[in-house]
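These figures come from a predicted structure and were not determined experimentally.
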Amino acid sequence: MKVTALIIGGGSRGSAYASYALQRPELFQIVGLAEPQKVLQEKFKKFYTILDDRIYNSWTEASKSEKFADCALITTQDQLHKEPAIAFARKGYHILLEKPMAVTYEDCKAIAEVCKEMGVLLAVCHVLRYAPEALKLKELIDNGTIGDIVSIQHMEPIGFWHFTHSYVRGNWRNKDTSSFSLLTKSCHDIDLILMLMGNKKCTAVSSFGSLKHFRKENKPKEAASRCLDCSVEERCQFSAKKIYLGAFFKGCQGWPLTVLTPEVDIENLGEALKTGPYGRCVYDCDNNVNDNQVVNLQFEDGATVSFIMIAFTEKLCDRNIKIFGTKGELSCEFDERVVHHYDFLTRQKVKHDCRLNLKTTLGGGHGGADFAAIDCFIKAVATGDASHILTGPDESLASHYLCFAAEKSRLEKRVIDLTKEEITSV
């Protein structure tokens, strides 16, 4: 069965998931697009030969048509997830939903409830569950290799320039137009932790974090409001000229430059840096999301987890994790694609190679996990077997719930006892 799809949002994530149709045309076909930007409309028409009457300027316009595809891929901005997800689920579309599900827990629950009510599949793009390293860690834990988990240390290094791109200058910079950064950036890290912990219930959460550096009071006195006009730009590690023009002159034609302009050339980039949000001084933006946060979790059996989200790193989103068990220890630097196991009894070290043996990956996103996530979703739609989906409504609600609990802890400066109170909103 060839699965047909309607793309809701033709930006970076929508384009990434849609490209599965180019790699597996016998399994997947894009038959519609809802996207306001004409340039992106033309791009999709060119690559996927979508009929003119299946190109829509908005999801609301698309929702007025009778159902014409098997599934809808919702890859709009975070605050625009709930309404299209519910609308297309009610029309009988299976739903692939970019993370986070929504920006309030109530909205997350509403999406899950409607999908269950309508009997449609819901897959949330917590793609880390599909990463080969995560699957190997899960396999080793489940077969008892390290005994009982006592503690986990996990870190997401966002990357110093990536953070400024997305969370200082970019679409996720402000809680009022997006949400808090733990949810928008690291909800799938919390999801990964829950996957590794299995069926154990989290009983308490504490969190600390702040917007420490990218603040107006840290702006150098000589600095201008835009990098192109700045006399101290050469001494600034966050210079937009260094990030974007530097990438262009090294031959980059894709992300992050395509966020600034759909048609990447020196003229368009120069105009974007001169007039658009990505040319602004990082100390002169309307950003208010945390650049660092720690989350501590206590589980019902006494196991603990500590998670760190940090902007100021060389590595870009290449997670690292250590898992301490009663019989041994596991560790993994995700970019190395190897899981290390140390056994306490034999005192031997074993390396498990996790490199994907795939001829193609979805743009290399998350080390092949993007490809695996969409691949599993398409299999689920084609067969009607929801077991192919690792991040369905229940799993996704659980991890989102902990994100909202952690933010509540941070804001209220207290430990949240999940056995005594229910989190509704923050």
Taking only residues two or more places apart in sequence or in another chain, which ones pass salt bridge (charged side-chain N to carboxylate O under 4.0 Å, His left out) with D191?
R129
Charged N to carboxylate O under 4.0 angstrom, K274 versus E271?
no
Ignoring hydrogens and geometry beyond distance, is a side-chain donor-acceptor pair present between S306 and Q153 at under 3.5 Å?
no
Apply the test ring pair (Phe, Tyr, Trp, His ring centres under 6.0 Å) to residues Y278 and H165: give CA-CA distance (whole Å), side-chain angles for both, the deciding distance (0.1 Å), then the verdict.
CA-CA 7 Å; Y278 294 93; H165 170 72; 5.1 Å; yes
Check side-chain contact (heavy atoms from CB on, under 4.5 Å) between K45 and all other residues, then give those that pass, not counting sequence neighbours.
E42, D52, I55
How would you list, by chain and number, every residue that makes a side chain to side chain donor-acceptor pair (under 3.5 Å) with R173, sequence neighbours excluded?
D286
Please identify each residue that fulfils salt bridge (charged side-chain N to carboxylate O under 4.0 Å, His left out) with K67, with sequence neighbours left out.
none
Filter on salt bridge (Lys or Arg N to Asp or Glu O under 4.0 Å), then keep only pairs touching residues 159-169, sequence neighbours left out; what's left?
none
Just say parallel, tilted or perpendicular for the rings of H400 and F404, cut-offs at 30° and 60°.
tilted
Identify each donor-acceptor pair in which a side-chain atom of residues 201-209 lies under 3.5 Å from a protein atom, sequence neighbours left out, and give them as a table.
residue : atom : partner : partner atom : Å
T203    : OG1  : Q298    : O            : 3.2
S206    : OG   : N296    : ND2          : 3.2
S207    : OG   : Q293    : NE2          : 2.9
S207    : OG   : V294    : O            : 2.7

Can you give me every donor-acceptor pair (side chain of residues 310-318, partner residue at least two apart or in another chain, under 3.5 Å) with its distance?
residue : atom : partner : partner atom : Å
T313    : OG1  : G159    : N            : 2.9
T313    : OG1  : K315    : O            : 2.8
K315    : NZ   : E333    : OE1          : 3.1
K315    : NZ   : D335    : OD1          : 3.2
K315    : NZ   : D335    : OD2          : 3.2

Is it the case that Y56 and R54 place a side-chain donor and acceptor less than 3.5 Å from each other?
yes
Is it true that the side chains of D70 and T4 contain a donor and an acceptor less than 3.5 Å apart?
yes
Any I321 side-chain heavy atom under 4.5 Å of F334 side chain:
yes
Which residues pass the side chain to side chain donor-acceptor pair (under 3.5 Å) test with N171, sequence neighbours left out?
none
Electrostatic pair K200-E300, nearest N-O below 4.0 angstrom:
no
Pairing residues for S331 by the side chain to side chain donor-acceptor pair (under 3.5 Å) criterion, not counting sequence neighbours
none
Pairwise salt bridge (Lys or Arg N to Asp or Glu O under 4.0 Å) hits with a residue in residues 88-97, at least two apart
R90-E117
For a quick test of your reading: what N or O donor-acceptor pairs under 3.5 Å do the side chains of residues 30-38 make, sequence neighbours left out?
residue : atom : partner : partner atom : Å
E35     : OE1  : G10     : N            : 2.8
E35     : OE2  : Q37     : N            : 2.9
K38     : NZ   : N57     : OD1          : 3.1

Side chains of T304 and S151: do they bring a donor and an acceptor to under 3.5 Å?
yes
Whether over 12 other heavy atoms sit under 6.0 Å from E329 CD:
yes
Could you list the residues that satisfy side chain to side chain donor-acceptor pair (under 3.5 Å) with K327, not counting sequence neighbours?
none
Would you indicate whether the side-chain heavy atoms of L27 and K2 approach each other to under 4.5 Å?
no
Verify the distance criterion only: is there a donor paired with an acceptor across the side chains of D189 and H154 at less than 3.5 Å?
yes
Are F377 and C71 side-chain neighbours, meaning at least one heavy-atom pair lies under 4.5 Å?
yes
Aromatic ring pairing F238/H213, orientation class (parallel under 30°, perpendicular over 60°, tilted between)
tilted
